Student: 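First the structure, which I've put down as structure tokens, then a few questions once you've had a look.
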2 protein chains.
Amino acid sequence: MRSNQPLSPLTAHLGYWMRLVSNHVSHGFARKLAERDVTVAEWVMLRQLYDEDALAPSRLAERMGMTRGAITKLADRLIAKALVVRIDHPDDGRAQTLALTKQGRRLVPTLAALADENDAAFFGHFTPEERSRIEQFLKAIVDRHGLTDVPVS
Amino acid sequence: MRSNQPLSPLTAHLGYWMRLVSNHVSHGFARKLAERDVTVAEWVMLRQLYDEDALAPSRLAERMGMTRGAITKLADRLIAKALVVRIDHPDDGRAQTLALTKQGRRLVPTLAALADENDAAFFGHFTPEERSRIEQFLKAIVDRHGLTDVPVS
DNA sequence: TATTGTTATACTCTATAACTATA
DNA sequence: TATAGTTATAGAGTATAACAATA
């Protein structure tokens, strides 16, 4: 049985092209990170912790748009790799913070260089004007929809 | 211990903004599809089959950038939902094709409308000129890197 | 009671590889 | 031997909910 009602192709949507490009940018980065035994979500957590002395798991969950349960698992893996430590809150017995180890802090700039490399591979051949136009376009959507989480996948 | 080496923020990368927007476009669509008990990957398979009488699992794997094993599982779910059927190849005993059921074929235009809706929600407020400029930008990347698979997540 | 974090369960997608049947 | 498809296993991410400890 064949299509009676012809539909607009998937490729008619801007979302299609954006997902195609975005997925490849992410996967390209994921492959580079995998050589260092790090996932994209792990990278984002490490990068967040790099700018702070320490962060509560619940703060990370908010920033990264993940559940607290997911943060626990992610932190467990990074702790197993000796890149992160858990520190009990001195006053509030329920609370903790996560912080980079010396080794974790040393790794982040290396990974940041991979991120720079990957972005340049996909967007570096455009002119600064073109890149800035796209960035404005994307930020307009971010503002309009109030998107705030750091994308992790 | 605090950062000695200040790094460019995550937000300095165009890939960051694209992933943020793309993820929300996808998740927005995923939520709409979920009301019909369909995932994005399932939608893509259904949409592929809508344009053909039938397709071999291996062809679908190529088009969707998924492994044959993943296609098997995806097809199993769609068969369980009575949206797709497996048909043995008449001559080659190894080969099969997948095709939409009547019910599956009836569902696709409904889902396509959701896709249209979702794309409009995120990109509809731009002018046709702006949209076309972004599309060109994205397609230039697709061409340059030879991206061909249909993005599924 | 509310909050913090952990744990358990389940589902989707991914990747690899072993496996069956057929060519 | 090679190919088509299935199956098994494991890992990463997501979501929900139950849970313990503390406030």
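No hydrogens, no waters, no symmetry mates; every other heavy atom, side chains included, goes into these values. Naming: A, B, ... by sequence-line order, numbering from 1 per chain. This structure is a prediction, so every number in the text was calculated from the model and none was measured.
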Student: List, with names and distances, any nitrogen or oxygen atoms from the protein found under 3.5 Å away from nitrogen or oxygen atoms belonging to nucleotides 10-12 of chain C.
Tutor:
none

Student: What integer distance in Å separates B/Leu60:CG from C/dT14:C1'?
Tutor: 17 Å
Student: Does any non-hydrogen side-chain atom of B/Asp92 lie less than 4.5 Å from one of B/His89?
Tutor: yes
Student: At under 4.0 Å between heavy atoms, what does A/Ser58 touch on the DNA or RNA strands: base, sugar-phosphate, or nothing?
Tutor: sugar-phosphate
Student: Count the heavy atoms of every other residue, nucleotide or ligand shown that sit under 6.0 Å from CZ of A/Arg36, and state whether that count exceeds 12.
Tutor: no
Student: Mapping A/Thr67 and B/Ile71 onto DNA chain D by nearest heavy atom, which one lands closer to the 5' end?
Tutor: B/Ile71
Student: Please tell me if the side chains of A/Tyr50 and A/Pro109 come closer than 4.5 Å, counting only heavy atoms from C-beta onward.
Tutor: yes
Student: Detail all sub-3.5 Å separations between protein N/O atoms and N/O atoms belonging to nucleotides 17-23 of chain D.
Tutor:
unit_1, atom_1, unit_2, atom_2, d
D/dT22, O3', A/Gly93, N, 3.4
D/dA23, OP1, A/Asp91, O, 3.2
D/dA23, OP1, A/Gly93, N, 2.9

Student: Using a heavy-atom cut-off of under 4.0 Å over every strand shown, decide if B/Arg86 touches base, sugar-phosphate, or nothing.
Tutor: sugar-phosphate
Student: Are the side chains of B/Glu42 and B/Asp37 in touch, meaning some heavy atoms are under 4.5 Å apart?
Tutor: no
Student: Could you give the CD1-to-P distance, from B/Ile87 to D/dG5, as a whole number of Å?
Tutor: 13 Å
Student: Rounded to the nearest angstrom, tell me the gap between atom NE2 in B/His89 and atom P in D/dT3.
Tutor: 17 Å
Student: Can you name the closest pair of heavy atoms from B/Ala112 and A/Leu7 and give their distance?
Tutor: CB-CD1, 3.8 Å
Student: Out of C/dT14, C/dC13, D/dG5, which has the shortest distance to the side chain of B/Ala56?
Tutor: D/dG5
Student: Starting at atom CE of A/Met66, determine the distance to atom P of D/dT16, rounded to an integer number of angstrom.
Tutor: 14 Å
Student: Rounded to the Å, how far apart are A/Leu55 CG and C/dT4 P?
Tutor: 14 Å
Student: Let me know the distance between CZ of B/Arg59 and P of D/dA4, rounded to the nearest Å.
Tutor: 7 Å
Student: In whole angstroms, how far is the C1' atom of C/dT14 from the CG atom of A/Asn23?
Tutor: 13 Å
Student: Rounding to a whole Å, what distance do you find between B/Asp88:CG and C/dT22:C1'?
Tutor: 12 Å
Student: On a heavy-atom basis, which atom in A/Phe29 and which in A/Leu114 lie closest, and how many Å separate them?
Tutor: CE1-C, 4.0 Å
Student: Between B/Val38 and B/Leu107, is a side chain to side chain contact (heavy atoms under 4.5 Å, CB included) present by the stated rule, with each step listed?
Tutor: CA-CA 10 Å; B/Val38 172; B/Leu107 181 59; 4.2 Å; yes
Student: For A/Arg133, is there an ion pair with A/Glu130 - N to carboxylate O distance below 4.0 angstrom?
Tutor: no
Student: Let me know which of B/Arg59, B/Arg63, B/Arg47 forms a salt bridge (charged side-chain N to carboxylate O under 4.0 Å, His left out) with B/Glu52.
Tutor: B/Arg63
